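Predicted model, so just to flag it, every value in this text is computed and none were measured. Protein chains get the first letters and strands the later ones, always in sequence-line order, with residue 1 at the start of each.
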2 protein chains.
Amino acid sequence: MNDRQAAIGSLRLSAKLDLFAAFAEIGRALGNPHRLDLLEHLAQGERSVEALATKGGLTVANASQHLQALRRAGLVIGERRGKQIVYRLAGSDVLDLTAALRIVGERHTDAVRTVIEDYFQSRDSLDAVEFAALEQMMADGLVTLLDVRPSDEFADGHVAGAVNIPLAELGSRLDQISPDVQVVAYCRGPWCVLAFEAVAFLREQGREARRLDGGLPEWRRAGLPVEAGSPR
Amino acid sequence: MNDRQAAIGSLRLSAKLDLFAAFAEIGRALGNPHRLDLLEHLAQGERSVEALATKGGLTVANASQHLQALRRAGLVIGERRGKQIVYRLAGSDVLDLTAALRIVGERHTDAVRTVIEDYFQSRDSLDAVEFAALEQMMADGLVTLLDVRPSDEFADGHVAGAVNIPLAELGSRLDQISPDVQVVAYCRGPWCVLAFEAVAFLREQGREARRLDGGLPEWRRAGLPVEAGSPR
DNA sequence: CGATCATTCAAGAGAGTTCTTGAATGTTAG
DNA sequence: CTAACATTCAAGAACTCTCTTGAATGATCG
């Protein structure tokens, strides 16, 4: 029996480390800002390596390497489609994982609060509109729903009834937003900074503006209406 | 307006990278097998640095460094209590995060399946007993619930009605387990290898044994009865 | 079938992580 | 106040990660 006991002991240690090493690989994949950015873009829909590189501000070779790290961790899947390789999230549980990461970050990490407060003086801009509240406001005609992502992403799919004004054009197209109703802005996800900035800018301009609590992936996942088509 | 536009642009980039860097720090904290092990131990209850170092097979200085990485990421909290510093999980959302990590690992990472299959030839041992099923079996008197953690952890808190036989003593204390009823084994959590090995060993010995789907932290979190006291 | 395009591979410089060792800090007990 | 104790800090060696550059692969198009 002692041989078996010894075997159990040594086996335990290596099996445990191997198992934890596999989980740690997923953790490491989440441990880089660019890779989190890539995951956010992939949460919008599938994308080619080149598209992801452009959106993420990376060289193609570098983006490819990050995507391979994500693939090894089982977070994304790459599939050849014609000349390109198209990546997508490996499953909806990946969204759950990033959401869990976000919740821990929001609650416990001073860094996150500090970053947000550094850029947006008033805490009000943190106060987000829930999906259900937005639907009510839209039904009542009390709101302009503003999608501040770039036009190509809007065209690829957006919340039904949203108007697209990319953040960069917000200043010059302010006259296209009725001053009489509140604005609710959204972008790629709950951490997407575009919406924070749009809200900050609109408030500076004297508009009543708030952020939507979540972006397109969360909206889609809640089974709420999404439409696609060319931007205005 | 153009100044403001430019400001928005540059701000956007740095704010985004800062935010994602904060989240990535949490990811990195999850990106090391020893730190995942420490989190599993902390999920049992609060522990001093020395206790964690011993359980994790680390030097005290090294354990301290890992714990500080976890603390910077907002995953654990350290509090001075007398001469010692006692660490605990920063919140229940940390359990949610590790659970999300586990789910992605189980579904998508070949490495996890490979590791498990390498050590446990029969897939049956993966087939875990749910909490509700266990409660029914216990009510019917059809089961021996076996806690295979070391005695000190058992004494610190365990599932009500469980019997403690640490894995290392399982061979020599086999006669203390009735051969007439099924055995359900559990340990520290869903990835804890002790229970896997106990099940493998018991099956080799011709016993009917299965793993509980979760460990003490999950049981406690489900609001199910926990008792503390000295081991037999 | 050769040209072109998208992606991956390979190698290397620079930065960050991990673990070890020994000293420093801060708290308690006598 | 001093000794003992638990933890943290600091520095350095070995290793891993990240990004860049240029070449290699593999698919499509004419």
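At the heavy-atom level, B:R35 lies under 4.0 Å from the strands shown only through sugar-phosphate atoms. Contact annotation for A:A69: no contact, since no heavy-atom pair falls under 4.0 Å across all strands. Note on B:Q68: only backbone sugar-phosphate atoms sit closer than 4.0 angstrom, heavy atoms only; bases stay farther off.
Separating the CD1 atom of B:I85 from the C1' atom of D:dC9 is a distance of 13 Å, rounded to the nearest angstrom. Rounded to an integer number of Å, the gap from A:E79 CD to D:dA27 P is 14 Å. Between the C1' atom of C:dT7 and the CG atom of A:L67 lies a distance of 10 Å, rounded to the nearest Å. Protein atom CZ of B:R28 is 13 Å distant from nucleotide atom P of D:dC17, rounded to whole Å. Atom P of nucleotide C:dT7 and atom CZ of A:R71 are separated by 13 Å, given to the nearest angstrom. For the pair B:Q84 CD and D:dA6 C1', the computed distance is 7 Å after rounding to whole Å. As a whole-Å value, the separation of A:L38 CG from C:dT7 P is 13 Å. One can place NZ of A:K83 at 19 Å from P of D:dT25, the figure rounded to the nearest angstrom.
Where B:S64 and A:L58 each meet DNA chain D at their nearest nucleotide, the meeting point lying more 5' is that of B:S64. The nearest heavy atom of DNA chain D to A:H34 and to A:R80 marks one nucleotide each, and the one closer to the 5' end goes with A:H34.
Set against D:dT20, D:dT7, D:dA27, the side chain of A:T59 has D:dT20 as its closest nucleotide. If you check C:dT7, D:dA10, D:dT7 against the side chain of A:E50, the one that comes closest is C:dT7. Distances were taken from every side-chain heavy atom of A:V60 (C-beta onward) to each of C:dT7, D:dC17, D:dT8; the shortest belongs to C:dT7.
Contact between the side-chain N/O atoms of A:H66 and the OP1/OP2 oxygens of D:dC17 is not found at any separation under 4.0 Å. Contact check, A:N32 against D:dC17: no side-chain N or O comes under 4.0 Å of OP1 or OP2. Of the side-chain N and O atoms in A:Y87, none sit less than 4.0 angstrom from OP1 or OP2 of C:dA6. Side-chain nitrogen and oxygen atoms of B:N62 include at least one within less than 4.0 Å of the OP1 or OP2 phosphate oxygen of C:dT20.
Classification of the A:F154-A:H158 ring pair by plane angle, with boundaries at 30° and 60°, yields parallel.
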- [ ] Would you sort out whether A:L146 and A:L202 count as a side chain to side chain contact (heavy atoms under 4.5 Å, CB included), showing the intermediate values?
- [x] CA-CA 11 Å; A:L146 187 64; A:L202 288 169; 4.1 Å; yes
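B:S64 and B:Q68 share a side-chain donor-acceptor pair at under 3.5 Å.
The backbone N or O of A:W219 lies less than 3.5 Å from no partner atom in the side chain of A:Y186, so there is not a single donor-acceptor pair. Of the possible donor and acceptor atoms, none in the side chain of B:R188 sits under 3.5 Å from a partner among the backbone N and O of B:A43.
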